[in-house]
Amino acid sequence: MIKNYIKIAWRNLWKNKVFSAINFLGLAIGMTAVILIGIWVENELSFDRFHTNLDSLYKVYNRSAGVGDISVWDVTSGPLGKALEENYPEVANTARIYWSSERLFSFHDISIKATGNEVDDSFLNMFSFPLLQGNAENALDGENNIVITKTMAQKLFGKENPINKVIKIDNENNYKVTGVLKDLPANTEFDFDYLIPLKLSPTVMNNWGINTYYTYVQLKPNTEINDVNNKIKNLVPDNSEKYNWEIFLHPVSRLHLYSQFENGKVAGGRIDTVRLMIIIGILILGIACINFINLSTAQSSSRAREVGVRKIIGAGKYRLVSQFLCESLILTIMGGIAALAVAMISLPFFNRIIDSSLNIQYSNPLLWLGLLGTVLLTGLLAGLYPAFFLSSFPPIKNLKGSLSGSRKSFSARKVLVILQFSIGIILVIATSIIYRQINFTQHRNAGYNIDNLIQVDIEGDIKKNYDLIKNDLLRQNAVTSISKTGWDVTLNGSNGSGFQWEGMQQESINFTLYRTGGNFAKTMGLKIKEGRDIDLSEFPADSSSVMINTTAAEKMGFEDPIGQLIRDNDKTLKIVGVFEDFIIGSPYSEAKPMLIFGNQEHNYNMVIRLNPQNSTLENLKVLEQVFNNYNSAYPFVYHFVDQDYAQKFKDEQQIATLSSLFAGLSIFISCLGLFGLATYMTKNRAKEISIRKVLGANSIIIVQLLSKEFITLVVIAIFIAIPISWYTMDQWLMDFSYRINIEWKNFIGASLLVILIALITVSFQAIKAAITNPVKSLRSE
């Protein structure tokens, strides 16, 4: 029986090659999109799932009520971890991690740079980063032990056994390799090539107000997280009257997807993009299924005689439904196989456009179960309605040939076409708005001159030769200004509160903190509104000076801020300058109050303004020569600030790229269906068209006649899509403090584009019919 079903189904599919090809192509493209989206979603959902203790691992966050909102940040103080471990029996273990730093590693005549972290020795016991060599229990016990990844070991030692080899870090300290880690997977929030033991200065170890570390906690089994959070929330103010922020634990399993906080509470994050992609995948597959349904039901009149004959000779409804389902399943299985092949071929291209390294896990049974489920589900979704629709025709009417498609079925087909195009238009409008939002933010005034600005890490001998390097570069006219700073100028490296000043209100303000060795405003191109730049060479007393931005001046309530004093513990700082706000964190957020301290110490970054009178290549050659002269052990490595700044748009750019890709696919699949319907309609109306031409209708009238119906459906889809897309994108934009207004040009542009594409699709068949000799059609009738 099944063999017979397959034989008849194949015969029917082969008989209607054009429509079978259109259905096959639509289903294959739809399932390819689902496979690619599925791989991406699976990767997003699997972040850090490989840790054995995942269910009991948490990251510590701070939460502080400020003026107007509640701030949340994840850097914590030095004593916090041990205090949690010693005072709360629910806490099994803690590990602190200092933020990443790039260092120079040397072994004999080989030197490489690698990025890693200082961590507590408990880190490897809490997290499941597998050691290929060494013992996680004691690999980081020694003060000068180091654990490196397999790739880093191969770079330094080749095929030699790295264990117990001694490598020099930053040309200063020797470390013994005590462990080799398996290279980190792509789906982890951590990113390091090496781990060394955390070294804390006594000042940081006992200071609850210096937030410098990420602290992770492992709770004991069967611990209720809400109870723990209630117990620990006042740990910081209990140990320091000056700081009133509370702490709470956030699950490591949610770090990747739920990292966005709003007014002190989790407000989504990456999970919103994951949900969006899942919805888009379902919609694209739905569009492909609609094509199959529409084309199958459109052929109802041509298959009516077949159904009638089979019913007369005894075929029941069950057999007819099975027969039609068999046809849809054959096409779907073929489409699924083609989709998998296309997904394999296109994955490198897909990885490039989303800047990722996804791969297909062929050994994962979930992949095959998911693919099989998708194929069966698609086959049923596409085939059920046509199967019941075609098998429900009365046999007598079928044999008389009086079945020409009921008004009801035709209306259903119209509704499905409208639904297809509504989805496609929504995606096109959404894509245009996302691109406008990104473009709007990229062109937001950063508050400083981002061009010709580079950053260099202060490493090796740069610190002791800083003045020589600076003078040499200025003398050779390769740069116009240099400043040393605490850290990268595109990152929000530190926050702090607890500052006091005369006239201060009750509310504590959480400031973005920064420090500089001088010439910061000049080098960055900041606009000084009042006062002056910090300059430690001309004004040594500037080590107790501070600059504030306009937002800080406003929130602190200063009408005349220059000369005002700010108390920070036992230190008094004097405001010497007010600069206009500049973007140091997210370009989508409003400016935060900011303090910049004058400080010669603890500056790890150089900001250099290249001379625009020379070519960039000329300037960089001079810089490389000078840095090699004064810091010969290190390669000259620099970062352009504009490129670092562009990285801030990576997530939104990825959403825009994926949206545009899948919006294009949805429109293409919809147009495939439209092309199929137009082909079928043109074929059915060949006699009518020929008679109209014989009676004098020209080609334009014929094209209008055949195109009008479909374009009307597209226009109705536009009116349905506009309010839905407006509401959806308005909600999306609400997540951004700095955002665009939705404009009519987004809707008009997308609508005209889709109408044009639909018109081209339909006109191909209409023009073909219009220029066909009517005699040929009438003779065949």
Side-chain angles (χ1 to χ4, degrees), residues 48 57-62 71-82 94-105 113-124 126-127 129 140 146-149 152 169-170 173 175 181 184 188-201 203-205 207-217 247 250 252 255-256 259 261 455-459 463 484-496 510-516 584-586 592 597 599 601-607 637 639 641 644-645 647-648 650:
D48 286 310
L57 294 175
Y58 296 85
K59 189 177 187 181
V60 185
Y61 278 70
N62 286 298
S71 301
V72 171
W73 65 98
D74 61 354
V75 282
T76 52
S77 62
L80 180 66
K82 292 301 174 190
T94 64
R96 292 163 296 187
I97 303 177
Y98 192 63
W99 49 52
S100 298
S101 60
E102 190 179 49
R103 297 172 187 247
L104 183 73
F105 295 83
K113 297 196 77 173
T115 302
N117 301 85
E118 294 179 33
V119 299
D120 281 326
D121 56 3
S122 53
F123 178 80
L124 287 176
M126 292 171 59
F127 293 91
F129 294 106
L140 292 171
I146 182 171
V147 173
I148 59 179
T149 60
M152 185 173 167
I169 299 182
D170 291 339
N173 302 309
Y175 279 75
L181 285 164
L184 270 57
T188 176
E189 285 289 286
F190 296 93
D191 184 16
F192 53 79
D193 298 311
Y194 70 88
L195 296 173
I196 56 176
L198 182 65
K199 295 175 183 174
L200 297 169
S201 69
T203 305
V204 177
M205 178 79 81
N207 193 321
W208 287 84
I210 301 177
N211 293 317
T212 317
Y213 307 98
Y214 302 113
T215 302
Y216 291 88
V217 170
I247 61 170
H250 188 54
V252 169
L255 287 181
H256 181 65
S259 58
F261 292 86
Q455 299 187 88
V456 176
D457 290 342
I458 295 180
E459 55 189 0
K463 184 179 180 181
K484 55 183 175 182
T485 61
W487 43 82
D488 191 320
V489 295
T490 63
L491 300 177
N492 184 3
S494 181
N495 297 284
N510 188 36
F511 291 94
T512 297
L513 306 179
Y514 214 78
R515 56 176 175 263
T516 175
I584 195 170
S586 168
K592 300 286 193 305
F597 306 96
N599 197 327
E601 301 299 323
H602 308 299
N603 289 312
Y604 310 108
N605 185 55
M606 282 179 75
V607 190
V637 178
H639 304 273
V641 171
D644 293 340
Y645 186 78
Q647 286 295 311
K648 295 174 179 290
K650 185 179 175 183

**Message:** Suppose we screen for ring-ring contact (aromatic ring centres under 6.0 Å, His included). Which residues come up paired with Y604, at least two apart in sequence or across chains?
**Reply:** none
**Item:** K650 atom NZ, over 12 foreign heavy atoms within 6.0 Å
**Value:** no
**Asked** Any idea how F129 and F190 line up, ring-wise: parallel (<30°), tilted (30 to 60°), or perpendicular (>60°)?
**Response** perpendicular
**Prompt:** Is K113 salt-bridged to E459, cutoff N-O under 4.0 Å?
**Reply:** yes
**Request:** State, to 0.1 Å, how close K59 and V252 come at their nearest heavy-atom pair, and which atoms those are.
**Result:** N-CG2, 4.2 Å
**Donor + acceptor pair across side chains of T188, D48 (<3.5 Å)** = yes
**Asked** Side chain of Y213, backbone of A95: donor and acceptor closer than 3.5 Å?
**Response** no
**For K199 against Y175, the heavy-atom pair lying closest together** = NZ-OH, 2.9 Å
**Message:** For the OG atom of S77 and the CG atom of N211, what is their distance to the nearest 0.5 Å?
**Reply:** 6.0 Å
**Item:** Qualifying residues under ring-ring contact (aromatic ring centres under 6.0 Å, His included), relative to W208, sequence neighbours excluded
**Value:** none
**Asked** Under 4.5 Å between any side-chain heavy atoms of Y216 and I97, yes or no?
**Response** yes
**Message:** What verdict does the side-chain contact (heavy atoms from CB on, under 4.5 Å) test give for T115 and D191, after you've listed the backbone C-alpha separation in whole Å, the side-chain angles of each residue and the deciding distance to 0.1 Å?
**Reply:** CA-CA 8 Å; T115 302; D191 184 16; over 6 Å; no
**Message:** To the closest 0.5 Å, what do you measure between NZ (K463) and CD1 (I458)?
**Reply:** 8.5 Å
**Fill in**
Value for OG1 (T485) from CD (Q455), rounded to nearest 0.5 Å, stands at 6.5 Å
**Message:** Once rounded to the nearest 0.5 Å, what's the spacing between atom OG1 of T512 and atom CG of L491?
**Reply:** 12.0 Å
**Asked** How many angstroms lie between CZ in F192 and CD in E118, if you round to the nearest 0.5 Å?
**Response** 14.0 Å
**Complete:** Which of L198, L195, L124, I196 passes side-chain contact (heavy atoms from CB on, under 4.5 Å) with V119? It is L195
**Heavy-atom closest contact (N207 atom, P79 atom, distance)** = O-CD, 3.4 Å
**Item:** Non-hydrogen atoms of Y98 and T212 that approach each other most closely
**Value:** CE1-CG2, 3.2 Å
**Prompt:** Does a side chain donor of either D488 or T490 reach within less than 3.5 Å of an acceptor in the other side chain?
**Reply:** yes
**Request:** Determine yes or no for a side-chain-to-main-chain donor-acceptor pair under 3.5 angstrom, with T516 supplying the side chain and K484 the backbone.
**Result:** yes
**Request:** Look at the aromatic rings of F261 and Y61 and report parallel, tilted or perpendicular, splitting at 30° and 60°.
**Result:** tilted
**Item:** Heavy-atom side-chain contact between V75 and Y214 under 4.5 Å
**Value:** yes
**Asked** Looking at L140 and P197, what are the two nearest heavy atoms and their distance?
**Response** O-CG, 3.6 Å
**Asked** Do I148 and F105 come close enough that some side-chain heavy atom pair is under 4.5 Å?
**Response** no
**Request:** Calculate, to the nearest 0.5 Å, the distance between atoms CZ and CH2 belonging to R515 and W487 respectively.
**Result:** 4.5 Å
**Request:** Determine the minimum heavy-atom distance between R96 and G78, stating which atoms define it.
**Result:** NH1-O, 2.7 Å
**Request:** Please assess V217 against V60 for the test side-chain contact (heavy atoms from CB on, under 4.5 Å), listing each intermediate value before the final yes or no.
**Result:** CA-CA 7 Å; V217 170; V60 185; 3.7 Å; yes
**Message:** Please determine whether side-chain contact (heavy atoms from CB on, under 4.5 Å) holds for the pair L80 and I247, giving the CA-CA distance in whole Å, both sets of side-chain angles, and the decisive distance to 0.1 Å.
**Reply:** CA-CA 10 Å; L80 180 66; I247 61 170; 3.6 Å; yes
**Full working for side-chain contact (heavy atoms from CB on, under 4.5 Å) between N605 and D457** = CA-CA 5 Å; N605 185 55; D457 290 342; 4.2 Å; yes
